[in-house]
Amino acid sequence: MGFAGHPAKFLMSNREHRFRDTRHGLWEMIHDVLVVCPRCGACANITTHPPGQREWFAPRRLTCLHCGLVRHWAKHVISAGGHEARDGFFGEPLWLQTPCENNIFWAYNLEHLTLLERYVAASLREQRKDAQWGWINKGMFNRLPKWIIAAKNRAAVLKAIDRLKLRYLETG
Ligand SMILES: [Zn+2]
């Protein structure tokens, strides 16, 4: 994962008028979570171990390429609520988080951030009927806090997304 082009281009990417809901679930985003390394403060990754698993309770591994820290997680409890800007496995602060409109805007990884950006930037949001689920709202976009999707906050949220994109570029 990375962006090879100029940072300014990176900031303006993904901002189109129309957004078509892909029905991604938040659970699909947690296979790769960027957090602040508890040892050196640089960006560390939490991935499933072995990689590529999509289950909530798949074993996880925290690795930091900067200081070499490796930690393992294999429990049957994920902490949630109250600490949304931390990962639910090791409880470390998310790397991609920033204050916005008296809240914390956060994303697990670049894919998650990009989806949020596309959603917030679009003025036209379409939902498609899902072959399996019909119109039942299963996607992560139907569960976004109101302050993120409020039209009056759009500019502020897009600025927060800019800050997180720049922070992503610092992951090294
Ligand atoms: Zn580290």
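Note that ligands are numbered from 1 as they come in the structure, with each ligand's atoms numbered from 1 the same way.
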Margin query: When you compare the side chain of W95 with that of V36, does any pair of heavy atoms fall below 4.5 Å?
Written below: yes
Margin query: Below 2.8 Å, which protein N, O or S atoms neighbour the Zn ion (ligand 1), ignoring water?
Written below: C37 SG, C40 SG, C64 SG, C67 SG
Next item on the list: Return yes if some donor-acceptor pair links the side-chain N/O of D32 with the main-chain N/O of N45 below 3.5 Å, else return no.
Entry: no
Margin query: The criterion is ring-ring contact (aromatic ring centres under 6.0 Å, His included); which residues satisfy it with F105, sequence neighbours excluded?
Written below: none
Next item on the list: For H31, check ring-ring contact (aromatic ring centres under 6.0 Å, His included) against everything at least two apart and list the hits.
Entry: none
Next item on the list: Not counting sequence neighbours, list each pair that qualifies as a salt bridge (Lys or Arg N to Asp or Glu O under 4.0 Å) and has a residue in residues 155-169.
Entry: R15-D162, E117-K165, R167-E170
Margin query: For W73 and F57, take the angle between the two ring planes, folded into 0 to 90°, and tell me which bin it lands in: parallel under 30, tilted 30 to 60, perpendicular over 60.
Written below: parallel
